[in-house]
Amino acid sequence: MPLRKDQIHMTIIQTIQEGVAQAVKALYGIEMPAEKVTLTPTRKEFEGDYTVVVFPFTKAARKKPDQIGEELGAYLADAVQEVSGFNVIKGFLNLVVNDAYWSAFLEGIYQDKGYGRHPANGQKVMVEFSSPNTNKPLHLGHIRNILLGWSTAQILDAAGYEVVKVQVVNDRGIAICKSMLAWQEYGNGATPATTGKKGDHFVGSFYVLFEQKFQEEYKAWQQSEAGQEAFSQWKRDEKAVAKAEKAIAEAARKAEGKAEREGKTFDPADFTLEKHFFGSVFKNTYFNAHSALGQKAKAMLLAWEAGDKEVLTLWSTMNGWVYEGFDQTYAKLGVSFDKLYFESNTYLLGKDAITEGLGKGIFYQKADGSVWIDLTDAKLDHKLVLRSDGTSVYITQDIGTAQERYKDFGVDKMVYVVADEQDYHFQVLFETLKRLGEPYAAGLHHLSYGMVDLPSGKMKSREGTVVDADDLVAEVVSEARANAQERDTLSALSKAEQEEIISQVGLSALKFFIIKVQPQKRMTFDPKESVDMQGQTGPYVQNAYVRVQSVLRKAAGGVDFGGAKAYGPLANIERELIGQLYAFPALIQEAAESYDPSGIANFCYDLAKNYHRFYHDHSILNAESAAAKSFRLMLSQAVANTLRTGMNLLGIEMPERM
RNA sequence: GGUCCCAUAGCUCAGUUGGAUAGAGCACCUGACUUCUAAUCAGGCGGUCGCAGGUUCGAGUCCUGCUGGGAUCACCA
């Protein structure tokens with residue numbers, strides 16, 4: 001009788017742990033809870049499935065590890081039905097689980113395409129990701145964000161949560177005004193349609209144009225009397241200069257070290273007081289107080305806030321172009337959202353919460369009218385939540401938006417996928433929401449991730465080293481196309497089917513490359529490696545799945561799983577594969593709890609790797625017996641199901657052939 | 001100056017609650033397609049797990065200090 005799935009999963013490890021706890025009590029009089037027994041998967045080079053570490057018992061038992069191992073092993077082999085054998089090596093007790101147990105397990109799951117997924121747990125979670133600004137197209141950094149957000153959402157779904165996927169569109173502010181202004185001044189009425197450009201790229205080009213014009217203006221001003229006067233006036237502030245000199249020396253030291261490591265030239269002329277002053281100290285002041293373009297952009301922002309009709313029309317037109325572009329990119333990446341929050345609707349939210357919190361003494365007001373929260377007892381700082389003129393800041397908005405979302409969906413948890421430069425912001429936000437007594441406060445999580453670097457260093461928009469999302473997708477897909485043409489395995493299919501597969505393969509290379517790295521780590525993105533399709537890559541995993549599909553097709557009419565029971569003994573690689581399948585549901589749970597999809601990616605790779613080896617070493621359709629054939633087909637089917645589920649959790653689709 | 005993140009092979013990365021001789025891929029070298037798809041498999045080469053202490057039967061993993069890299073500490077978002 002096949003065991004029920006949920007029964008079979010979590011039990012063998014627990015069964016052994018119980019057995020060990022019982023054994024040490026009977027043999028040595030040691031009382032110990034079963035879950036404290038250290039049980040690890042047996043290393044490949046030894047025989048066995050699970051290993052009991054016996055060192056912890058040496059003291060109480062007053063015996064040598066090897067002897068304890070022998071005694072425990074004998075006890076377990078006798079007392080635990082599933083344990084069919086054991087060996088002791090250097091104080092480690094390796095236990096062999098009998099074939100019948102594994103066969104029954106496999107038979108219980110191989111038909112289940114959703115194997116590994118958990119039943120609904122009644123909880124609701126919101127995942128926020130992507131959240132772009134509308135002034136320029138998506139780039140590589142957004143791709144990491146989107147892939148993390150999407151896969152986390154899929155994983156939470158598989159772990160039993162009801163998931164709501166949202167993004168906040170940062171559609172207002174000075175940035176979009178810059179694009180609008182540049183279009184108004186230099187656009188001559190051009191549109192994405194008249195230029196044949198994708199909408200987000202079109203608008204982004206005007207943002208770049210604004211920055212160019214601004215830089216021209218600023219450079220000229222720096223040489224002017226007013227500019228030099230500002231500089232020399234600042235130089236009289238000894239404290240500021242001393243601080244700047246320190247910062248410059250530090251920056252120069254780092255740049256020099258870096259140049260040396262990478263064999264590049266180091267130019268000390270880049271680290272002068274004047275460059276530092278105009279580059280970082282004074283730039284905002286210039287934009288706000290001196291720049292003609294800055295004045296115009298700010299005037300446009302004010303007009304927008306005042307509801308100026310003409311400005312609003314231009315704003316919604318240009319944002320509309322951007323959304324068309326974003327939608328195409330999202331569609332290509334295969335992601336979607338359940339709800340969009342627009343900053344233009346939410347930027348005024350949160351004030352009520354501040355007023356309310358002020359009444360409760362959670363916030364305090366300074367003489368100038370500004371409102372603050374004191375978080376020093378939470379090892380944070382004092383934080384402004386309302387300006388002295390009564391207007392909101394970023395965090396005010398986030399408080400209001402969180403409340404709004406809770407009203408909309410009543411979620412138990414909220415996950416924010418945002419780069420690690422905002423770690424502090426989210427600490428403050430979550431602590432504040434906690435003090436406000438929000439019902440979801442315990443379920444807040446910032447899925448923080450490291451920046452994406454290029455082999456040449458940081459991406460810098462000013463230096464034009466930003467990797468565009470659309471270009472990147474096009475590149476991996478065209479690489480996949482070239483590979484497919486060379487291999488010529490798809491020629492029997494229609495053009496549309498071929499293109500779909502090519503896109504699936506190319507995207508899997510890109511997605512897998514990014515998602516296999518743990519979120520909190522900075523990662524180096526080498527474009528050359530990202531299009532690799534051999535080795536530890538998405539296509540490698542897809543290929544294992546495709547091999548199964550091919551075998552199943554070839555066995556058509558002759559697929560018979562019925563004889564599997566009679567098969568035995570299992571080969572090591574077969575046991576190993578089943579052991580991996582066995583661990584999958586718990587892995588999903590773990591990935592959900594840690595909000596980290598990278599483990600799923602590495603699992604898929606390991607499973608595919610073992611399957612490739614199995615496939616190479618053992619014939620399936622021409623197996624030595626009918627029983628072996630049935631069993632291996634069953635195993636192949638189960639591996640394919642698991643690979644597909646696992647890769648889908650990463651947002652990667654599996655082709656039937658490639 | 002305060003706080004946070006990161007450091008494992010030439011490069012990119014894994015490494016379960018602390019467990020055996022620290023693993024993959026790429027690159028480089030050698031071999032395997034008459035055989036279910038070679039986007040594959042097998043073998044070789046490659047390590048002071050940043051440094052120094054500490055806890056432990058046992059430390060890449062936990063604690064402390066240091067070094068290096070990154071971020072952050074706005075009435076910006």
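A note on names: the letters A, B, ... follow the listed sequences, proteins ahead of strands, and every chain is numbered from 1. Bear in mind that the values here come from a model prediction, so they are computed numbers and not experimental data.
Within 4.0 Å (heavy atoms only), A/Val517 reaches sugar-phosphate atoms of the nucleic acid but no base atom. If you check every strand for non-hydrogen atoms under 4.0 Å, A/Met523 touches sugar and phosphate atoms only. Heavy atoms of A/Leu380 sit nowhere under 4.0 angstrom from any nucleic acid atom. Across all strands, A/Arg43 comes closer than 4.0 Å to base atoms (heavy-atom distances). Within the 4.0 angstrom heavy-atom criterion, no nucleotide atom of any strand lies near A/Ile514. Within 4.0 Å of A/Arg253, counting heavy atoms only, lie sugar-phosphate atoms of the nucleic acid but no base atom. Residue contacts shown for A/Ser448 are absent, as no nucleic acid heavy atom lies under 4.0 Å away. Among the heavy atoms of the strands lying under 4.0 Å from A/Asn94 is at least one base atom, whether or not backbone atoms are also near.
Residue A/Tyr540 places at least one side-chain N or O under 4.0 Å from the OP1 or OP2 atom of B/rC41. An OP1 or OP2 oxygen of B/rG69 is reached within less than 4.0 angstrom by no side-chain nitrogen or oxygen of A/Arg522. Remark: A/Lys528 is not in phosphate contact with B/rC11, judged by side-chain N or O atoms under 4.0 Å from OP1 or OP2.
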Is there any protein nitrogen or oxygen under 3.5 Å from a nitrogen or oxygen in nucleotides 7-10 of chain B, and what are the pairs?
from: B/rA7; atom 1: OP1; to: A/Lys521; atom 2: NZ; distance (Å): 2.7

Which protein N or O atoms sit under 3.5 Å from an N or O of nucleotides 54-65 of chain B?
none

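Screening residues 43-61 of chain A for salt bridge (charged side-chain N to carboxylate O under 4.0 Å, His left out), with sequence neighbours left out, gives A/Arg43-A/Glu45, A/Asp49-A/Arg575.
Among the nucleotides B/rA42, B/rA71, B/rC13, the one closest to any side-chain atom of A/Thr524 is B/rC13.
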Side-chain donor-acceptor contacts of residues 393-402 of chain A below 3.5 Å, not counting sequence neighbours, with atom names and distances?
from: A/Tyr394; atom 1: OH; to: A/Gln422; atom 2: OE1; distance (Å): 2.9
from: A/Thr396; atom 1: OG1; to: A/Val385; atom 2: O; distance (Å): 2.5
from: A/Thr396; atom 1: OG1; to: A/Val393; atom 2: N; distance (Å): 3.0
from: A/Thr396; atom 1: OG1; to: A/Val393; atom 2: O; distance (Å): 3.2
from: A/Gln397; atom 1: NE2; to: A/Glu343; atom 2: OE2; distance (Å): 3.4
from: A/Asp398; atom 1: OD2; to: A/His425; atom 2: NE2; distance (Å): 2.8
from: A/Thr401; atom 1: OG1; to: A/Gln397; atom 2: O; distance (Å): 2.7

Report, one line per pair, each donor and acceptor closer than 3.5 Å where one atom sits in a side chain of residues 280-288 of chain A; sequence neighbours left out.
from: A/Ser280; atom 1: OG; to: A/His276; atom 2: O; distance (Å): 3.1
from: A/Tyr286; atom 1: OH; to: A/Glu217; atom 2: OE2; distance (Å): 2.6
from: A/Asn288; atom 1: ND2; to: A/Asn284; atom 2: O; distance (Å): 3.1

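Ring orientation note: the planes of A/Tyr540 and A/Tyr605 are tilted relative to one another, at an angle of 30° to 60°.
For A/Ser461, the side chain to side chain contact (heavy atoms under 4.5 Å, CB included) partners are A/Val466, not counting sequence neighbours. With sequence neighbours left out, A/His445 forms a ring-ring contact (aromatic ring centres under 6.0 Å, His included) with A/Tyr595. In terms of the side chain to side chain contact (heavy atoms under 4.5 Å, CB included) criterion, residue partners of A/Gln485 (sequence neighbours excluded) are, by chain and number, A/Arg481. By the side chain to side chain contact (heavy atoms under 4.5 Å, CB included) test, A/Leu621 is found to be paired with A/Val551, A/Lys554, A/Ala555, A/Lys629, A/Leu633, residues two or more places apart in sequence or in another chain being considered.
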Point to revise | A/Asn94 vs A/Thr51, side chain to side chain donor-acceptor pair (under 3.5 Å): CA-CA, chis, key distance, verdict | key: CA-CA 4 Å; A/Asn94 303 317; A/Thr51 297; 2.7 Å; yes
**Study point:** Contact state string [nucleotides 24-37 of chain B, B base, S sugar-phosphate only, - no protein heavy atom under 4.0 Å]
**Key:** BSS---------BB
Study note, to complete from the structure: Given protein heavy atoms under 4.0 Å, the one-letter contact record of nucleotides 72-77 of chain B, with B base, S sugar-phosphate only and - none, is simply SS-BSB
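Applying the 3.5 Å distance criterion, the base of B/rA14 shares no donor-acceptor pair with the side chain of A/Ser598.
For the C1' atoms, the distance from B/rU34 to B/rG46 is 37 Å, rounded to whole Å.
A/Asn610 places its CG atom 14 Å from the C1' atom of B/rU40, with the value rounded to the nearest Å.
Residue A/Glu486 places its CD atom among 12 or fewer non-hydrogen atoms of other residues, nucleotides or ligands, all under 6.0 Å distant.
An aromatic stack links A/Phe46 and the base of B/rA20, using centre distance under 5.5 Å and interplanar angle under 30°.
Classification of A/Arg644 and A/Glu653 as a salt-bridged pair fails, no side-chain N sitting under 4.0 Å from a carboxylate O.
For the strand RNA chain B, secondary-structure stems (runs of at least three Watson-Crick or G-U pairs, all distances below 3.5 Å) span B:1-7 with B:67-73, B:10-13 with B:23-26, B:28-32 with B:40-44, B:50-54 with B:62-66.
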